[in-house]
There are 2 protein chains.
Amino acid sequence: MESTDLRKAGLKVTHPRMRILAILEGLDGKHVTAEDIYRQLLNSDDDIGLATVYRVLTQFEAAGLVLKHNFEGGQAVYELDRGDHHDHMIDVESGKVIEFTSPEIERLQKEVAAKHGYQIQDHSLVLYVRTLKKK
Amino acid sequence: MESTDLRKAGLKVTHPRMRILAILEGLDGKHVTAEDIYRQLLNSDDDIGLATVYRVLTQFEAAGLVLKHNFEGGQAVYELDRGDHHDHMIDVESGKVIEFTSPEIERLQKEVAAKHGYQIQDHSLVLYVRTLKKK
DNA sequence: TTGCGTGCAAACAGTTTGCATGTAT
DNA sequence: ATACATGCAAACTGTTTGCACGCAA
């Protein structure tokens, strides 16, 4: 049950937080902006302010419930953190976001960092792609 | 000579553009924000507006003279494009930016994209790292 | 001389914050 | 009862734009 997730995160179980969490769970894998969520809430007649959406998303991120990405272009996007790490590929023509994983790339990243005397704390890999056509 | 680069880019050779290009060339590899450049100009008594700095950087980017990166946190950073492609590692403790290249990672990226029916147009790889300490 | 470039201030977008009120525990 | 949450509007940050003037070609 969702309210458990909230309590575990040390957050009071409030209407806005439940609704926002529900919306995030209903996305299965898609990414949304704060405003996307805000609009969805308006549509379902929930009277929740945009500021609250931002505050809740920030708390969820801090609690490890959601991931925030800063792809190109102003708006940040959010997705539920299902624990399965993945990177992103963005179709520059359609804006579609494809998730992928590559253990080999991960391994090489660690290797490169180590070569410079560092350990990786986090990383961001985004491929901007277009559909493959032979000319 | 720098004015040649500007002309080649189809840009009139003006004082602001020359000064900004000179500053970028003087960085050797460091990254700067628009405001960094603006402040440097003020220090050298150049009366160039921040808006102009942004406009010039945008033009330089379009002309392929500079690269713009959106690392975490509001500000975009710029660097001269020396043609040598590289990725970035950011020391989260010091803020230091380290450049690196990994042909293997590049190859794997292409491979992953192809597997999904795409070709890469651009990509962004940033490792957020901390210095390696055994505990 | 003429069209591109510039400075300035105002506009803008996304996000954050202060404050008075509301509510989960 | 009390500390934490919320809605609203105002503030803020980084960046862009409109406009009258200025300058490279």
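Per chain, numbering begins at 1; letters A, B, ... match sequence-line order.
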B/Arg17 vs B/Gln59, side chain to side chain donor-acceptor pair (under 3.5 Å): CA-CA, chis, key distance, verdict: CA-CA 10 Å; B/Arg17 302 217 256 236; B/Gln59 295 156 349; 2.8 Å; yes
Any donor-acceptor N/O pair, A/Thr58 side chain to A/Tyr54 backbone, under 3.5 Å: yes
Atom-to-atom span, CD of B/Glu72 to P of C/dT15 - whole angstrom: 13 Å
is_close_aromatic(A/His85, A/His123), centroid dist under 6.0 Å: yes
Pair B/His31 and B/Tyr78, ring centroids less than 6.0 Å apart: no
Atom-to-atom span, NZ of B/Lys12 to C1' of C/dT2 - whole angstrom: 8 Å
Contact under 4.0 Å: A/Arg7 side-chain N or O vs C/dT25 OP1/OP2: yes
Sugar-phosphate only, base, or nothing, as touched by A/Ala76 at under 4.0 Å among non-hydrogen atoms: sugar-phosphate
Residue closer to the 5' end of DNA chain D, B/Val77 versus B/His15 (nearest nucleotide): B/Val77
A/Val77 and A/Val32, any side-chain heavy atoms less than 4.5 Å apart: no
Sorted by number, the residues of residues 52-70 of chain B with heavy-atom contact under 4.0 Å to DNA chain D: B/Tyr54, B/Arg55
Note, A/Asp87 side chain near A/Val126 side chain (heavy atom, < 4.5 Å): no
From CA spacing to verdict: salt bridge (charged side-chain N to carboxylate O under 4.0 Å, His left out), A/Lys115, A/Glu111: CA-CA 6 Å; A/Lys115 199 178 304 171; A/Glu111 225 172 274; 5.4 Å; no
Leading and trailing nucleotides of DNA chain D with any atom under 4.0 Å from heavy atoms of chain A: D/dA3 to D/dA9
B/Tyr118 ring center within less than 6.0 Å of B/His116 ring center: no
Rounded interatomic separation in angstrom, taking CE from A/Met18 and P from C/dT23: 16 Å
Nearest-angstrom distance from the residue atom CD of A/Glu35 to C1' of C/dT16: 14 Å
Qualifying residue for side chain to side chain contact (heavy atoms under 4.5 Å, CB included) with B/Glu79, from B/Val66, B/Asp28, B/Leu67: B/Leu67
For atom CG of B/Leu50 and atom P of C/dA10, their distance in whole Å: 16 Å
